[in-house]
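What you see below is based on every heavy atom in this structure, not just the backbone, and it leaves out hydrogens, waters and symmetry mates.
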Amino acid sequence: LHGNEVSACFEWHEDLGLPTEVVIMLLNHMVEIKGKNFRISDAGKVAVRMAGEGIRTVEEAEEYFLKNGRTYKNIREILRKLGKNYSPSEAQINLYQKWTREWGFSHDAILEALELTAKGDPSLGYLDGILNSIRQEAGTQEQLNPEKIRQSAQRGEGLKQILKVLGKGEVNQQNLQVYDRMISLYPQEIILTAARECGQNGKDMDDILNLLLSWKDKGLETKNDVETYVKSFHEQNTLVRELRGIWGMNEKRISQTDRSLVLKWETEFGFSREAILSAADFASEAKMPMIYLDRILTDDHQI
C-alpha cells in the first residue's frame, strides 16, 4: 500500500473507529476475494458497512468476513451459471444479500429459481424479478427453500396456461389467489375447459371461477361430466337461437330460463329438436313466444 491508500486505511481507523487489527483483516479479506490489485475504494465501502454494523472486535470481524466471504462465493457461482466469468461488483453482492438477508431465500432456492431464467432473460435483473414475485406470493417471513420455488413455478405455469386460453390477463397476486381457489375445486384440465368457455365471450378470471362454482353446484365432478354438460349447454343455445330467429328476435339474447325450458322439453317431455322447431311457428304471433311454446308443448305432452 502506498500514499493515499495508506491514508485511507488510517481514516478507517480514526474516523470509522475500526481497530488496527480489524483494518488488517479487511485488507486480507479484499486480497482473498479480489486479488492483491483490489481497489482501495472498494475496501472503503466495506469499511463503512462494517462500521455501520458496529464491528469493533476481531471476533466480530471474523464472523463478518466469514459471512461475506460466503456471499461473494455464492454470487460468483450464480454469475458463472449465467455465463459471466468476471468478479462480482459491490452492487451484485448487495443484491445477493438482499435476496438472502431481507427476503429470506436460501442459496439453494436461488439456484432453483435461476433455472427459470432460461425461459426469459438470463440476467441478475430477471432473477431478481422472479425472486420478488415468489416472495410476494409466499407472503411469509420463513426461509424460502427450493421446494417453495418449484411449487411457485408450477403454480405460475398453471396460471399462464389459463390466461393464454382466456386471451388476456397477467400473472399477478390477485390472479394467483383466484387460481388457487380454482385448483381447490377442479384439476387443471377442467379449469382449462372453463377458460375456453369464458374466453369465447370476453370474460375474465372471476368469471372462470364463477363458472367452476356453478359446475360444482350442479354436481359435475369428472372431466366427462363437464364435457357432457358443456356439449348439452351449447346444443340448447343453438336451439334457442334458431327459435328466436324464427320469431324475428335477437338471437344473442339467451337467458337461463330459455335454456331451462329447452332442457325440460327435451329431457322431461321427450320432444326432438325437429318437433320443437315445428311447433315454433304456432307461437310466432304471441307476445312471449317462448312461454307460449311451452304451453303448446306441455299440452301436447299431457295428451
> Can you list every side chain to side chain donor-acceptor pair (under 3.5 Å) pair that touches residues 283-297, not counting sequence neighbours?
Replying inline: Lys264-Asp294, Trp265-Asp294
Shortest non-hydrogen contact from [X] toward [Y]:
{"X": "Leu26", "Y": "Ala43", "answer": "CD2-O, 3.8 Å"}
{"X": "Cys9", "Y": "Ile40", "answer": "SG-CD1, 4.4 Å"}
{"X": "Gln188", "Y": "Tyr179", "answer": "OE1-OH, 2.6 Å"}
{"X": "Met50", "Y": "Ala61", "answer": "CE-CB, 4.3 Å"}
{"X": "Val31", "Y": "Phe38", "answer": "CG2-CE2, 3.7 Å"}
{"X": "Met290", "Y": "Val240", "answer": "CE-CG2, 4.3 Å"}

>> Please determine whether side-chain hydrogen bond (donor to acceptor under 3.5 Å, both in side chains) holds for the pair Gln236 and Ser232, giving the CA-CA distance in whole Å, both sets of side-chain angles, and the decisive distance to 0.1 Å.
In response: CA-CA 6 Å; Gln236 291 165 15; Ser232 175; 3.1 Å; yes
> How far apart are the C-alpha atoms of Trp215 and Leu185, what are their side-chain angles, what is the distance that settles it, and do they pass the side chain to side chain contact (heavy atoms under 4.5 Å, CB included) test?
Replying inline: CA-CA 10 Å; Trp215 288 351; Leu185 296 170; over 6 Å; no
>> Classify the ring geometry of Trp103 against Phe105: parallel below 30°, tilted from 30° to 60°, perpendicular beyond 60°.
In response: perpendicular
> Do the ring planes of Phe269 and His301 sit parallel (below 30°), tilted (30 to 60°) or perpendicular (above 60°)?
Replying inline: parallel
> Could you walk me through whether Asn132 and Arg135 pass the side-chain hydrogen bond (donor to acceptor under 3.5 Å, both in side chains) check?
Replying inline: CA-CA 5 Å; Asn132 189 36; Arg135 176 181 68 97; 2.6 Å; yes
Do [X] and [Y] have side chains that get closer than 4.5 Å, going by heavy atoms?
{"X": "Ile78", "Y": "Trp99", "result": "yes"}
{"X": "Trp247", "Y": "Glu242", "result": "no"}
{"X": "Ile110", "Y": "Thr100", "result": "yes"}
{"X": "Thr238", "Y": "Arg241", "result": "yes"}
{"X": "Tyr186", "Y": "Thr193", "result": "no"}
{"X": "Val22", "Y": "Pro19", "result": "yes"}
{"X": "Arg49", "Y": "Glu53", "result": "yes"}
{"X": "Glu112", "Y": "Asp108", "result": "no"}

Please tell me whether [X] and [Y] are part of a single hydrophobic cluster in this structure, the criterion being side-chain heavy atoms less than 4.5 Å apart.
{"X": "Leu27", "Y": "Val48", "answer": "yes"}
{"X": "Leu263", "Y": "Ile291", "answer": "no"}
{"X": "Phe282", "Y": "Leu297", "answer": "no"}
{"X": "Val23", "Y": "Val6", "answer": "yes"}
{"X": "Leu277", "Y": "Leu293", "answer": "yes"}

Which value, rounded to the nearest 0.5 Å, describes the distance between [X] atom [atom1] and [Y] atom [atom2]?
{"X": "Leu243", "Y": "Ile276", "atom1": "CG", "atom2": "CD1", "result": "7.5 Å"}
{"X": "Tyr229", "Y": "Lys218", "atom1": "OH", "atom2": "NZ", "result": "4.0 Å"}
{"X": "Phe65", "Y": "Ile55", "atom1": "CZ", "atom2": "CD1", "result": "8.0 Å"}
{"X": "Leu239", "Y": "Arg244", "atom1": "CG", "atom2": "CZ", "result": "12.5 Å"}
{"X": "Asn68", "Y": "Ile33", "atom1": "CG", "atom2": "CD1", "result": "8.0 Å"}
{"X": "Glu115", "Y": "Leu127", "atom1": "CD", "atom2": "CG", "result": "10.5 Å"}

Heavy-atom donor-acceptor pair, [X] side chain to [Y] backbone, under 3.5 Å:
{"X": "Asn175", "Y": "Glu170", "value": "yes"}
{"X": "Gln177", "Y": "Gln174", "value": "no"}
{"X": "Lys81", "Y": "Arg76", "value": "no"}
{"X": "Asp258", "Y": "Ser255", "value": "yes"}
{"X": "Gln92", "Y": "Ser89", "value": "yes"}
{"X": "Glu32", "Y": "Asn28", "value": "no"}

>> If you count heavy atoms of other groups shown closer than 6.0 angstrom to CD of Glu63, is the number above 12?
In response: no
>> Tell me whether the count of non-hydrogen atoms from other residues, nucleotides or ligands lying under 6.0 Å of CG in Asn4 goes above 12.
In response: no
> Could you give all pairs that pass the salt bridge (Lys or Arg N to Asp or Glu O under 4.0 Å) test and reach residues 193-214, with sequence neighbours left out?
Replying inline: none
> Can you list the steps and then say if Leu211 with Cys198 is a side chain to side chain contact (heavy atoms under 4.5 Å, CB included)?
Replying inline: CA-CA 8 Å; Leu211 181 57; Cys198 290; 4.0 Å; yes
>> Under the criterion side-chain hydrogen bond (donor to acceptor under 3.5 Å, both in side chains), I'd like the reasoning laid out for His29 against Tyr64: C-alpha separation, chi angles, the key distance, then a yes or no.
In response: CA-CA 10 Å; His29 173 71; Tyr64 179 86; over 6 Å; no
With the threshold set at 4.0 Å, does a side-chain nitrogen-carboxylate oxygen contact exist between [X] and [Y]?
{"X": "Asp128", "Y": "Lys98", "answer": "yes"}
{"X": "Glu221", "Y": "Lys216", "answer": "yes"}
{"X": "Lys223", "Y": "Glu189", "answer": "yes"}
{"X": "Glu157", "Y": "Lys160", "answer": "yes"}

> Where do His107 and Glu77 land on the side chain to side chain contact (heavy atoms under 4.5 Å, CB included) test, with the steps shown first?
Replying inline: CA-CA 10 Å; His107 181 64; Glu77 178 185 5; 2.8 Å; yes
> Can you tell which of Ile75, Leu95, Asn94, Leu124 makes a side chain to side chain contact (heavy atoms under 4.5 Å, CB included) with Pro88?
Replying inline: Ile75
>> Tell me every residue that passes side-chain contact (heavy atoms from CB on, under 4.5 Å) with Thr228, counting only those two or more places apart in sequence or in another chain.
In response: Asn224
> Do Leu18 and Arg56 pass the side chain to side chain contact (heavy atoms under 4.5 Å, CB included) test, and can you show the C-alpha distance, the side-chain angles, and the key distance before you say yes or no?
Replying inline: CA-CA 6 Å; Leu18 298 179; Arg56 292 293 182 270; 4.1 Å; yes
